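Notes follow the structure.
Owing to the predicted nature of the structure, the values given are computational and were not obtained by experimental measurement. Numbering of ligands and ligand atoms starts at 1, following listing order.
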Amino acid sequence: MTVWEIVMIQMKNTDKKIAIIRNRKRQSEQVYQDLKQKLKQNGFILTPKNPDIVISVGGDGMLLSAFHMYEEQLDRVRFVGVHTGHLGFYTDYRDFELDKLVENLKLDTGAQVSYPILNVKITFENGDTRTIRALNEATIKRSDRTMVADVIINRVHFERFRGDGISVSTPTGSTAYNKSLGGAVLHPTIEALQVTEIASLNNRVYRTLGSSVIVPKKDKIELVPTRSDYHTIAVDNQTFSFKNIVRIEYQIDNHKIHFVASPSHTSFWNRVRDSFIGECKE
Ligand code: NAD
């Protein structure tokens, strides 16, 4: 390597601004301190302000928090997840792989892997609206009694739902709560949303489709609750309580989440197998 090339690489690192966020666990704090030192030694700028790369230290939950922290800057930020436990869905590195992470960041050319996210627009009786983005899913439940809501797909009244609630998930979120609800696992290159029922009432009087529905990117899902009392809307790892909801609209967002592409970003099916199946025993 010539001196000129070394200088160029050094300049690239010093140009790159990195934010690290971690959970409160002692192990994460230790990883944070080690990583901070290694990145500084290699000429990276560490700052939570307008970073180019956000590294979350913890688990998938921490990556969800990092996403929400920087959701207004999705077009300029790329994420990296470091897991302090077993490998997660959004985490490419284990806590003992910090040197590998720093080496990969030094070689980083800006390449990224991008996944669709969910846009949720809530309209209230007084005309106010609130828009929330989700990386995994948004679920709605009525706070105390059976939730009743009309499900509308592309302005077609699809069904009147009665039950505990409804989850709308992204492709990467399909392996999270959606999977526990019996929904399908969706490859993240399929730009689609999945609507999954939570304990629907099905008998001679009430009827819903009963299976989850996967809608393509251009389609819009609307939910119209029949009651104006409190509903709980859980978006990834955040929970909101809203009254007087007129309508909730779900669509694939115009922005995507970007991850730093690296050799450690393993294939989606590898992650699914490792997380849910493990090694096959003869
Ligand atoms: P948490 O700490 O209880 O995490 C739940 C688990 O979900 C963790 O093991 C995490 O690794 C895993 N997970 C998160 N995102 C995933 C994904 N995309 N694919 C596969 N697994 C994933 O809760 P948290 O950290 O606050 O995370 C919130 C998420 O937990 C929600 O977005 C929801 O998907 C999930 N959740 C699942 C259930 C369930 O399966 N019954 C219930 C509530 C919430």
Hey, do the aromatic rings of Phe276 and Phe89 have their centres closer than 6.0 Å?
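For Phe276 and Phe89, the ring centres are under 6.0 Å apart.
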Do the two ring centres, one from His187 and one from Phe268, sit under 6.0 Å apart?
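When the ring centroids of His187 and Phe268 are compared, they turn out to be within the sub-6.0 Å range.
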Considering only non-hydrogen protein atoms, determine which one is nearest to [atom] and report residue, atom name and distance to 0.1 Å.
{"atom": "atom 27 (O) of ligand 1", "result": "Leu64 CD1, 3.8 Å"}
{"atom": "atom 16 (C) of ligand 1", "result": "Ala176 CB, 3.5 Å"}
{"atom": "atom 10 (C) of ligand 1", "result": "Asp60 OD2, 3.8 Å"}

Going by the order shown, which atoms of ligand 1 are within less than 4.0 Å of some heavy atom of [X]?
{"X": "Tyr90", "value": "18 (N)"}
{"X": "Phe89", "value": "17 (C), 19 (N), 20 (C), 21 (N)"}
{"X": "Gly61", "value": "25 (O)"}
{"X": "Thr175", "value": "17 (C), 18 (N), 19 (N), 20 (C), 21 (N)"}

Checking contacts here: is it the side chain or the backbone of [X] that comes within 4.0 Å of ligand 1, counting heavy atoms only? Could be both or neither.
{"X": "Glu137", "answer": "side chain"}
{"X": "Tyr177", "answer": "both"}
{"X": "Ser180", "answer": "side chain"}
{"X": "Asn136", "answer": "side chain"}
{"X": "Thr172", "answer": "backbone"}

Could you give the distance from CG (Asn178) to OG (Ser167), rounded to the nearest 0.5 Å?
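The OG atom of Ser167 is 5.5 Å from CG of Asn178, to the nearest 0.5 Å.
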If you round to the nearest 0.5 Å, how far is CD of Glu249 from OG1 of Thr131?
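Nearest 0.5 Å value for the OG1-CD distance: 8.5 Å.
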Indicate yes or no: does [X] engage [Y] in a salt bridge with an N to O separation below 4.0 Å.
{"X": "Asp52", "Y": "Lys16", "answer": "no"}
{"X": "Glu191", "Y": "Lys256", "answer": "yes"}
{"X": "Asp108", "Y": "Arg78", "answer": "yes"}
{"X": "Glu159", "Y": "Arg207", "answer": "no"}

Give a yes or no on whether [atom] lies under 4.0 Å from any heavy atom of the protein.
{"atom": "atom 30 (O) of ligand 1", "answer": "no"}
{"atom": "atom 8 (C) of ligand 1", "answer": "no"}
{"atom": "atom 3 (O) of ligand 1", "answer": "no"}
{"atom": "atom 23 (O) of ligand 1", "answer": "no"}
{"atom": "atom 41 (N) of ligand 1", "answer": "yes"}

Going by the rule side chain to side chain donor-acceptor pair (under 3.5 Å), which residues pair with Thr239 if we only count those two or more places apart in sequence or in a different chain?
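In terms of side chain to side chain donor-acceptor pair (under 3.5 Å), with neighbours along the sequence ignored, Thr239 is linked to no residue.
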side-chain hydrogen bond (donor to acceptor under 3.5 Å, both in side chains), paired with Asp229, selected from Lys243, Arg145, Arg142:
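The single option meeting the side-chain hydrogen bond (donor to acceptor under 3.5 Å, both in side chains) with Asp229 is Arg142.
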Verify whether one side chain among Tyr93 and Asn104 offers a donor that lies under 3.5 Å from an acceptor in the other.
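Yes, a side-chain donor-acceptor pair sits under 3.5 Å.
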Please indicate whether any nitrogen or oxygen in Asn237 is less than 3.5 Å from any nitrogen or oxygen in ligand 1.
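No; the residue has no nitrogen or oxygen that sits under 3.5 Å from a nitrogen or oxygen of the ligand.
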